[in-house]
2 protein chains.
Amino acid sequence: MEGDETVEETALRELKEETGIEKVYLEQFHVFSKRGRDPRGPTLTIALFALIRSHQCKLFATGDASAAKWWPAYALPSLAFDHDQICAKALDALRAALKTRPLAFELLPKAFTLYQLQDLYEQVFGTSIDKRNFRKKVQKMDFICASGKKTEGGRQRPAMLYYYDAKRYTKFANEHFF
Amino acid sequence: MEGDETVEETALRELKEETGIEKVYLEQFHVFSKRGRDPRGPTLTIALFALIRSHQCKLFATGDASAAKWWPAYALPSLAFDHDQICAKALDALRAALKTRPLAFELLPKAFTLYQLQDLYEQVFGTSIDKRNFRKKVQKMDFICASGKKTEGGRQRPAMLYYYDAKRYTKFANEHFF
DNA sequence: GCAAAAGTGTTAATCGTACACCCATGA
DNA sequence: TCATGGGTGTACGATTAACACTTTTGC
């Protein structure tokens, strides 16, 4: 941490320095402090995950000359110290977060198709979901709104583009929980 | 933090020093690092909540001469710095934890009645739950087991004592989620 | 035409919810 | 006898889960 930065500001700065990516959703998930986790001496690691919109991921690949690179979460290379455990816990935290809060919309473009949304959940949870049941459920969530526009230039039939309405979600959540 | 303690060890030591309570369940919920949260300068607070079994709470009241004291979460006294915000976030984290994991059993005696379990959920979530529906649901959870023993010396009809079986929970969770 | 995704309903089973009364104990 | 919790079943509505085919587009 530099100057009087907060944890989140530090993470955003480092992420931008290493990958060029900015303006992402950040969430803390654990502080690692076990003895011996770094042979150089006692350390405290405050771990956060960042959610990066899918269309921004390619910017990263064409970034500067740093060693940063994408890896699938289920096939990481071997990492220094206890960083493999940190990544494993990050995945758990991500799944728990996606189950209980509307964070899928931080991973998709602002305008997305229902296929993209379903695919996201299937990939994160490693399940397959029935398309009709999924769409039926989405229709009941009035914070997922059809924009009226459709995809263009895809290899397939144009699909309706949806967007996430955070204000409607708040109302929805207040009515459905507690 | 002293010596090469972990965050959890520090919290357990401090808790014991201040209140005499030990061997509790601890869980991290947030790191507070906002500028200006402590006028004395930049600080980093790693916040944890502890779950203390109800029958151990009275030990606390008869503890040493420290200023530690029980307060209801919905009527806290005014606290230093941003500690009111930390407590508010602790309550949120506690509710989220109790909804998604079997942590109620860290708050009850090892042997508990169904009334105690229901009362716990009602108090934490501020709701009232139908007794018959609650018991029906508990019956389906085979990790909540009748011990065969009953309460003695209460003011009421003796009640069956139940216990939590962590191994069965693991099996149950694997079958019911994902 | 073919590959890829878009879109669309019905049925059966399960789950959640609402609801009221008698019982055993200690004070 | 009274206060306090202990203990029990049913019926209705809502939700979930299983399941297959036609459409539109680019190549």
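The chains referred to below are lettered A, B, ... by the order of the sequence lines, with proteins before strands, and numbering in each begins at 1.
In this structure, the ring pair (Phe, Tyr, Trp, His ring centres under 6.0 Å) partners of A:F81, at least two apart in sequence or on a different chain, are A:H83. For A:D84, the side-chain hydrogen bond (donor to acceptor under 3.5 Å, both in side chains) test picks out no residue, with sequence neighbours left out. With sequence neighbours left out, A:T43 forms a side-chain contact (heavy atoms from CB on, under 4.5 Å) with A:R37, A:D38. Legend: residues meeting ring pair (Phe, Tyr, Trp, His ring centres under 6.0 Å) with B:F105, ordered by chain and number and at least two apart, are B:F112, B:Y164. Annotation: side-chain contact (heavy atoms from CB on, under 4.5 Å) contacts of B:N133 (sequence neighbours excluded): B:D130, B:K136. Residues that satisfy the side-chain contact (heavy atoms from CB on, under 4.5 Å) test with A:E122, not counting sequence neighbours, are A:Q118, A:D119, A:S128, A:I129.
The separation between B:R135 atom CZ and D:dT10 atom P is 18 Å, rounded to whole Å. The CD1 atom of A:I129 sits 13 Å away from the C1' atom of D:dT16 (whole-angstrom rounding). Whole-Å rounding puts the B:Q118 CD to D:dG7 C1' distance at 12 Å.
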Produce a footprint string for nucleotides 19-27 of chain D: one letter per nucleotide, 5' end first; B if the base is under 4.0 Å from any protein heavy atom, S if only the sugar-phosphate is, - if neither.
BB--BBBS-
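Near-neighbour residues of DNA chain D inside residues 107-115 of chain A, defined by a heavy atom below 4.0 Å, are absent. Across residues 137-145 of chain B, not one residue has a non-hydrogen atom less than 4.0 Å from an atom of DNA chain D.
With contacts defined as side-chain heavy-atom distances shorter than 4.5 Å, the pair A:K110/A:Y163 does not qualify. You'll find the side chain of B:V124 reaches within 4.5 Å of the side chain of B:L120, heavy atoms only.
With hydrophobic clusters built from ILVMFWY side chains whose heavy atoms lie under 4.5 angstrom apart, B:Y115 does not share a cluster with B:L108.
When atom types are taken as modelled, the side chain of A:R95 and the backbone of A:F125 share no donor-acceptor pair closer than 3.5 angstrom.
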Check residues 22-35 of chain B and write down every donor-acceptor pair under 3.5 Å in which the side-chain atom is one partner and the other belongs to a residue at least two apart or another chain.
from, atom 1, to, atom 2, distance (Å)
B:E22, OE1, B:K16, NZ, 3.2
B:Y25, OH, B:E27, OE1, 2.5
B:E27, OE1, B:R101, NH1, 2.9
B:E27, OE2, B:R101, NH1, 3.3
B:E27, OE2, B:R101, NH2, 3.0
B:Q28, OE1, A:H30, ND1, 3.4
B:Q28, OE1, A:V31, N, 2.7
B:Q28, NE2, A:V31, O, 2.9
B:Q28, NE2, B:E8, OE2, 2.8
B:H30, ND1, A:Q28, OE1, 3.4
B:S33, OG, A:V7, N, 2.9
B:R35, NH1, A:D4, O, 3.0
B:R35, NH1, A:E9, OE1, 3.0
B:R35, NH2, A:E9, OE2, 3.1

Can you give the donor-acceptor pairs under 3.5 Å from side chains of residues 141-152 of chain A to other protein atoms, not counting sequence neighbours?
from, atom 1, to, atom 2, distance (Å)
A:S147, OG, A:K149, N, 3.2
A:S147, OG, A:L161, O, 2.8
A:T151, OG1, A:A159, N, 2.8

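Ion pairing between a basic and an acidic side chain is recognised when a charged N comes within 4.0 Å of a carboxylate O; A:E175 and A:K171 show no such pairing.
Nucleotides of DNA chain C with any atom under 4.0 Å from a heavy atom of chain A span, from 5' to 3', C:dA4 to C:dT10.
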